[in-house]
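Numbers here are sequence positions counted from 1.
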Amino acid sequence: MLKEYRTITEVAGPLMLVRRVEGVKYGELGEIELANGEIRRCRVLEVDEDSALVQLFESSAGINAAESKVRFLGRGIELPVSMDMLGRVFDGLGRPADGGPEIIPEKRLDINGMPMNPAARNYPSEFIQTGVSAIDGLNTLVRGQKLPIFSGSGLPHAQLAAQIARQAKVIGTDSRFAVVFAAIGITFEEADYFISDFRRTGAINRAVLFMNLANDPAIERISTPRMALTAAEYLAFEKNMHVLVILTDITNYAEALREVSAARKEVPGRRGYPGYLYTDLATMYERAGRRKDSEGSITLIPILTMPEDDKTHPIPDLTGYITEGQIILSRELHRKGIQPPIDVLPSLSRLKDKGIGAGKTREDHADTMNQLFAAYARGKEAKELAVILGEAALTEIDKLYAKFADAFEKEYVNQGYDEDRSIETTLDIGWRLLAILPRAELKRIRDEYLDKYYGKR
């Protein structure tokens with residue numbers, strides 16, 4: 001029998017103080033029973049001797065401190081898991097949100113997960129094909145990697161997220177592939193877009209969706225990505241599946257963390273975010289990876305909108321330290337109508353060389369990738385020079401590089417959100433564009449590959 005406390009002494013916004021409690025632990029779930037029998041849920045944020053500070057999941061309106069009672073359940077937030085989760089939509093706390101029945105759980109897992117022992121990690125080395133040329137060809141995603149997408153307000157990161165979730169696959173294996181998609185603090189319109197897109201394309205059959213809306217409580221927003229990662233750990237490490245986890249938008253998560261921190265009157269860090277923001281993000285991101293004792297893996301793509309497009313803002317800054325690179329969306333390319341507007345020059349995948357080459361993608365991949373980067377960078381410089389000095393100041397070879405840069409954006413980066421390109425198609429487009437330049441300019445590609453591919457695609 002759970003002990004009940006009628007010692008609520010203070011209710012302030014989403015926080016409530018309960019005194020004279022015994023044996024209550026940090027992170028423990030609780031139930032508040034109102035005088036009319038209504039049950040509301042809460043979670044312990046802080047324990048100080050015999051006092052517990054709890055945060056409410058629902059509104060504090062209508063709670064009469066003298067007539068309400070609190071029960072602590074002796075466990076943290078848990079997610080019921082089974083293979084029946086695939087094809088389902090849940091809210092931010094793991095409750096069915098698609099009108100379907102409750103999941104009959106195989107087990108219940110603590111959403112904080114188990115940290116992965118660094119010695120038990122396997123090195124990421126297998127190529128994941130997203131069908132997006134700017135990622136596959138130039139900033140390759142590898143199984144077990146953490147590769148965030150840095151976006152800005154109003155940029156089409158939602159469409160890109162849905163496209164990757166729909167198209168991603170591990171080439172050359174017969175292992176099962178699943179997508180866990182968590183939307184954090186989004187509008188109803190965005191949630192409807194994701195759900196209808198997954199249903200329209202049939203991608204929902206291999207996906208688990210967690211939807212936390214903007215009007216849901218902040219504490220639920222903090223739980224949503226952990227729910228998603230717990231589902232992913234179950235599918236990857238107990239069912240040996242390759243799992244791609246997409247979290248959008250991490251900025252909304254960090255804002256919720258700041259809100260809770262301010263309510264607790266903690267000393268703020270950079271821009272008002274709590275000083276433990278780095279640690280908190282790391283506890284999520286580091287749950288991705290491959291384990292030596294399991295066939296399965298978790299590959300993580302967190303998506304975040306940079307406030308004022310500022311890469312030095314604490315959220316993208318700290319995320320960049322923890323993860324293995326970043327894909328950056330460009331407002332300039334978006335204005336030009338390039339879809340998706342991926343800015344390949346500042347984008348980086350630190351593990352791209354581990355997932356490409358003969359037997360993984362194609363033997364010419366590394367050389368063409370380096371040459372495309374170099375040629376595009378020089379083409380951008382030539383175009384900037386033409387703006388300042390006029391096109392007459394350009395040499396003939398500079399004009400070719402400028403032409404290459406325009407063609408590269410229009411044909412390689414631009415592909416829309418419904419085109420699924422194989423890696424062979426992406427590499428062939430690269431060769432077709434490199435044919436704009438004289439062979440003598442392609443100094444980063446070995447002669448054997450030039451003989452085989454140059455001018456023949």
For the residue pair Phe408 and Tyr376, categorise the inter-ring angle as parallel (less than 30°), tilted (30 to 60°) or perpendicular (more than 60°). tilted
Basic-acidic side-chain contact under 4.0 Å: Glu286, Arg121: yes
So that I can tick it off, tell me whether Arg71 and Glu33 are bridged by a salt bridge, with the cut-off set at under 4.0 angstrom between side-chain N and carboxylate O. yes
Using a strict threshold of under 4.0 Å (side-chain N to carboxylate O), is an ion pair present between Asp110 and Arg226? no
Partners passing side-chain hydrogen bond (donor to acceptor under 3.5 Å, both in side chains) against Thr187 (at least two apart in sequence or in another chain): Glu190
List the atom pairs, donor and acceptor, that lie under 3.5 Å between side-chain atoms in residues 302-310 and the rest of the protein, sequence neighbours left out.
residue : atom : partner : partner atom : Å
Thr305  : OG1  : Asp249  : OD2          : 2.7
Asp309  : OD1  : Arg331  : NH2          : 3.0
Asp309  : OD2  : Arg331  : NE           : 2.7
Asp309  : OD2  : Arg331  : NH2          : 3.3
Asp310  : OD1  : Thr312  : N            : 2.9
Asp310  : OD1  : Thr312  : OG1          : 2.6
Asp310  : OD2  : Arg271  : NH2          : 3.1
Asp310  : OD2  : Thr312  : OG1          : 3.2

Quick one: closest heavy-atom pair of Leu79 and Ala231, and the distance? CD2-N, 3.8 Å
For Tyr253, is the NZ or CZ atom of Arg221 found under 6.0 angstrom from the centre of its six-membered ring and inside 45 degrees of the ring axis? no
Looking at Glu126 and Lys360, is there a salt bridge between them, counting it only when a charged N and a carboxylate O are closer than 4.0 Å? no
Closest heavy-atom contact between Phe210 and Gly94? CE2-CA, 4.1 Å
Please output the side-chain donor-acceptor pairs of residues 11-20 that fall under 3.5 Å, not counting sequence neighbours, one pair per line with the distance.
residue : atom : partner : partner atom : Å
Arg19   : NH1  : Ser51   : OG           : 3.0

Salt bridge between Glu424 and Arg362, side-chain N to carboxylate O under 4.0 Å? no
Does the pair Glu332/Arg335 count as a salt bridge with the N-to-O cut at 4.0 Å? no
Between the side chains of Arg95 and Glu102, is the shortest nitrogen-to-carboxylate-oxygen separation below 4.0 Å, so that they form an ion pair? no
From the list Ile128, Thr130, Ile327, Val179, side chain to side chain contact (heavy atoms under 4.5 Å, CB included) partner of Ile164 resolves to Thr130
Once you measure the plane-to-plane angle for Phe181 and Phe194, does it fall in the parallel (<30°), tilted (30-60°) or perpendicular (>60°) bin? tilted
Arg143 to Phe127 six-membered ring, cation-pi geometry met (6.0 Å, 45°): no
Do the charged groups of Glu233 and Arg287 touch, with an N to O distance under 4.0 Å? yes
Is the His313 to Phe150 ring centre distance short of 6.0 Å? no
Provide the closest heavy-atom pair for Ile184 versus Asn252 in the form atom of the first, atom of the second, distance. O-ND2, 2.9 Å
side-chain hydrogen bond (donor to acceptor under 3.5 Å, both in side chains) partner of Glu324, chosen from Lys352, Lys146, Lys354: Lys146
Please determine if Arg40 and Glu58 form a salt bridge, counting it only when a charged side-chain N lies under 4.0 Å from a carboxylate O. no
Would you say the side-chain atoms of Thr201 and Arg166 include a donor-acceptor pair closer than 3.5 Å? no
